[in-house]
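What follows is one structure encoded as structure tokens, with my remarks underneath.
Every chain is numbered from 1, with letters handed out A, B, ... down the list of sequences. Everything numeric here is computed off the predicted structure, so don't read it as measured data.
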Amino acid sequence: MKLFTNKKMKRIPVIDLLKAGEVGATVTTSGWVRTKRESKNVAFIALNDGSIIHNIQVVVDMESAIAGVLGRISTGAAIAVTGKLTESGGSGQKVELAAEHIVVLGEADPEKYPLQPKKHSLEFLREIAHLRFRTNTFSAVTRVRHAMIFAIHKYFTEKGFFNIHTPIITASDCEGAGEMFRVSTLDPINPPRTEDGAVDYSKDFFGKQTNLTVSGQLEAELAALAMTKVYTFGPTFRAENSNTSRHLAEFWMIEPEIAFADITDDMDLAEDFLRYLVAYALEHCPDDLEFLAKRLEDEEKNKKVEERSPMGLIDKLRFVVDNEFVRLTYTEAIDILRNSNYNKKKKFQYPIEAWGADLQSEHERYLVEKHFEKPVILTDYPKEIKAFYMYQNDDGKTVRAMDILFPGIGEIVGGSQREDRHNHLLTRMREMGLPEKEMWWYLETRVYGSVPHAGFGLGFERLMLFVTGMGNIRDVIAFPRAPKSAEF
RNA sequence: UCCUCCUUAGCUCAGUUGGUUAGAGCACAUGACUGUUAAUCAUGGGGUCCAAGGUUCAAGUCCUUGAGGAGGAGCCA
């Protein structure tokens, strides 16, 4: 959109004015008003266009002809400003824009506009998700989110991976990753029925029952068993009734899959990948991270001293970049937990007893936040608590699973070496009652040129939680989808 | 889905053992003042106390049900 075609003025983003603006130059920019401060001789407008966390200060001389437009300018209004970039007379910024011409592009009734120049609760902002991009916090999260998306593709590209678009609609319901959303074009009131009264899905759009995907892993495996290194990065859907600050019904997941690789290669990849992403954020988003760190610090002040994080956001991120993750087996973890003072003093709600039980959140948190105080990779879980496709160890009891646990977030990565031996896979599928006939294509990859391979899934929004220091997953995605929540 | 807590002005919250006209800060409006930084000062407007039902002479306050929200748990990424 050309706003000033007749004046031949090109719009300059606020970020360029602040970072590379030439003092003395006459420029045009535009954005949304954050605050306006008027006085007898001069008025100040803090203008933001989302290109950077900082605002450009627009200065209006109250004696000038353009001062009359100020009455239409209030928090939330959109304006375009032409003026001279000057060194700032105030102390908050290096440069400012001395306005010579202002166009009000869109007014915002100050009596009704919900965003005030003050701190709003994240819960309130969630209710006005259509406007929350206009806040410092959410625009910072959005810019960091973009940087992470880019860094993910950059990392894999540099490592020789190929991106695969796996299907969003799927007919296989045996991925074992939870409840699925049904996809259907049948009339919900009066669906076609078979002779015995059941809904006749053969009349449905795809001729069978279909759902939204809960994972692209199985398809990614097919690709990896030809392309060697692939990854998916797509939307994922879980119809679980999960009401937590760490779950979404619609989220984005990164799933690399590598052939000629075992569980150790898988862990090496995951760890290198995570540390790369965190380092990327530190290098490319310093302004936004600094703001988010400050926000977190202010938030922590409201907490009890013992609940506060010992490290600030930036320190926490640097710590992950600088320190290797701890790797240990499930069995070793059980021993540590069983011998811990926490267990002996019965501080666990679920005491550690027999080998074989799944770890509770409190156990994972103890390992990560109390015992090791750094990210932990747990491997070789009992096969009973893990999925059918995981490689079975020689002990007959465990599988080559690996979960990466992060402080404050819990499980951020779940992965495994895949079972590549046809007979082992088939036996396990039968034990677990999976429909082997429908999975013929998956099994066939273990018949023709089967090789050891491995992969993992990284929850993108959980990564975002860690990198931004936000506490609720609904605040790191623009339009969160969760039980009873699909507004916007 | 389970447990705990919350819902009072545009926002964030206070509101005593149930008792007369429900308060504060911020925001907003008006004025003053000032190269200001979420400016400051003064004045003012602004309320279906989440909804429905109940107890009571009397309910923002107590009880029941429902709807939202938060934290924790389970499921998991």
Side-chain angles (χ1 to χ4, degrees), chain A residues 34-46 54-62 71 74-76 86-93 96 98 108-128 135-136 175-179 214-217 235-255 270 298 302-303 307 349-350 358-365 385-387 403-406 409-415 456-466 471-475 477 482-485 487:
Chain A
R34 287 295 175 77
T35 61
K36 181 186 71 172
R37 292 178 292 278
E38 274 182 72
S39 59
K40 191 184 264 177
N41 306 318
V42 71
F44 302 97
I45 299 166
H54 304 299
N55 307 320
I56 181 108
Q57 173 157 283
V58 175
V59 185
V60 181
D61 183 350
M62 296 301 270
S74 57
T75 301
T86 57
E87 280 184 33
S88 181
S91 59
Q93 58 281 318
E96 61 191 18
D109 184 347
E111 290 278 1
K112 293 177 183 163
Y113 187 63
L115 288 172
Q116 305 155 5
K118 62 166 266 187
K119 194 159 260 173
H120 287 287
S121 69
L122 295 169
E123 290 85 353
F124 172 66
L125 294 176
R126 251 171 252 155
E127 292 169 12
I128 51 165
T135 64
N136 285 333
E175 283 150 359
E179 294 295 311
V214 294
S215 165
Q217 179 201 315
T236 311
F237 307 88
R238 305 270 167 95
E240 237 102 59
N241 193 4
S242 298
N243 294 291
T244 80
S245 54
R246 303 180 308 283
H247 288 85
L248 290 166
E250 176 183 292
F251 64 101
W252 291 72
M253 188 156 63
I254 301 113
E255 295 180 285
D298 290 345
N302 298 327
K303 288 187 184 170
E307 285 172 9
Q349 197 185 336
Y350 298 90
D358 209 349
L359 298 179
Q360 303 289 321
S361 279
E362 56 175 348
H363 305 139
E364 295 181 351
R365 292 182 69 113
I385 59 173
K386 288 291 179 185
D403 285 359
I404 302 186
L405 311 175
F406 262 40
I409 293 159
E411 188 177 344
I412 194 167
V413 161
F456 62 84
L458 168 66
F460 183 57
E461 283 76 17
R462 290 199 180 164
L463 172 76
M464 285 296 300
L465 282 180
F466 184 74
N472 191 311
I473 202 160
R474 298 174 193 202
D475 297 324
I477 186 167
K484 300 275 162 63
S485 176
E487 188 80 40

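Secondary structure note: stems in RNA chain B built from 3 or more consecutive Watson-Crick or G-U wobble pairs under 3.5 Å occupy B:1-7 with B:67-73, B:10-13 with B:23-26, B:28-32 with B:40-44, B:50-54 with B:62-66.
Between the side chain of R462(A) and the main chain of R246(A), a donor-acceptor pair closer than 3.5 Å is present.
Under 4.0 angstrom from either OP1 or OP2 of rU37(B) there lies no side-chain N or O belonging to R37(A). Taking only side-chain nitrogens and oxygens, Q360(A) never comes nearer than 4.0 Å to OP1 or OP2 of rA73(B). Taking 4.0 angstrom as the limit, T35(A) places a side-chain polar atom (N or O) nearer than this to OP1 or OP2 of rA39(B).
Nearest nucleotide to the side chain of E96(A), out of rA73(B), rC76(B), rG35(B): rG35(B). The side chain of S242(A) lies closest to rC75(B), out of rU36(B), rA77(B), rC75(B). Closest to the K119(A) side chain, of the nucleotides rA77(B), rG35(B), rA38(B), is rA38(B).
Nucleotide rU1(B) holds its C1' atom 6 Å from the CG atom of N241(A), rounded to whole Å. Residue H120(A) contributes atom NE2, which lies 6 Å from atom C1' of rC11(B) at whole-angstrom precision. F124(A) places its CZ atom 6 Å from the P atom of rU12(B), with the value rounded to the nearest Å. Rounded to an integer number of Å, the gap from CD of E179(A) to C1' of rU1(B) is 12 Å. Spacing between atom CD of E364(A) and atom C1' of rG74(B) amounts to 12 Å, rounded to whole angstrom units. For the pair K112(A) NZ and rC11(B) P, the interatomic distance rounds to 15 Å; values are reported in whole Å. Across the protein-nucleic acid pair, E240(A) atom CD and rA77(B) atom C1' stand 11 Å apart, rounded to whole Å. Atoms CG (L405(A)) and C1' (rA77(B)) sit 12 Å apart, rounded to a whole Å.
Nucleotides rU8(B) and rA24(B) have their C1' atoms positioned 13 Å apart, rounded to a whole Å. Comparing rG53(B) with rA67(B), their C1' atoms are spaced 15 Å from each other, to the whole Å.
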- Verdict with supporting geometry, V42(A) and V60(A), side-chain contact (heavy atoms from CB on, under 4.5 Å): CA-CA 6 Å; V42(A) 71; V60(A) 181; over 6 Å; no
Find every protein N or O atom lying less than 3.5 Å from an N or O atom of nucleotides 67-72 of chain B, and list the pairs.
{"residue": "rA70(B)", "atom": "OP1", "partner": "R126(A)", "partner atom": "NH1", "Å": "2.3"}
{"residue": "rG71(B)", "atom": "OP2", "partner": "N472(A)", "partner atom": "ND2", "Å": "3.4"}
{"residue": "rG72(B)", "atom": "OP2", "partner": "S245(A)", "partner atom": "OG", "Å": "3.3"}

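Contact annotation: side chain of E38(A) to base of rU36(B), donor-acceptor pair absent below 3.5 Å.
Stacking between F251(A) and rA77(B) is present: the aromatic ring centre lies within less than 5.5 angstrom of the base six-membered ring centre, and the two planes differ by under 30 degrees.
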- Message: One character per nucleotide, please: for nucleotides 26-31 of chain B, 5' to 3', B when the base has a protein heavy atom closer than 4.0 Å, S when only the sugar-phosphate does, - otherwise.
- Response: BSSS--
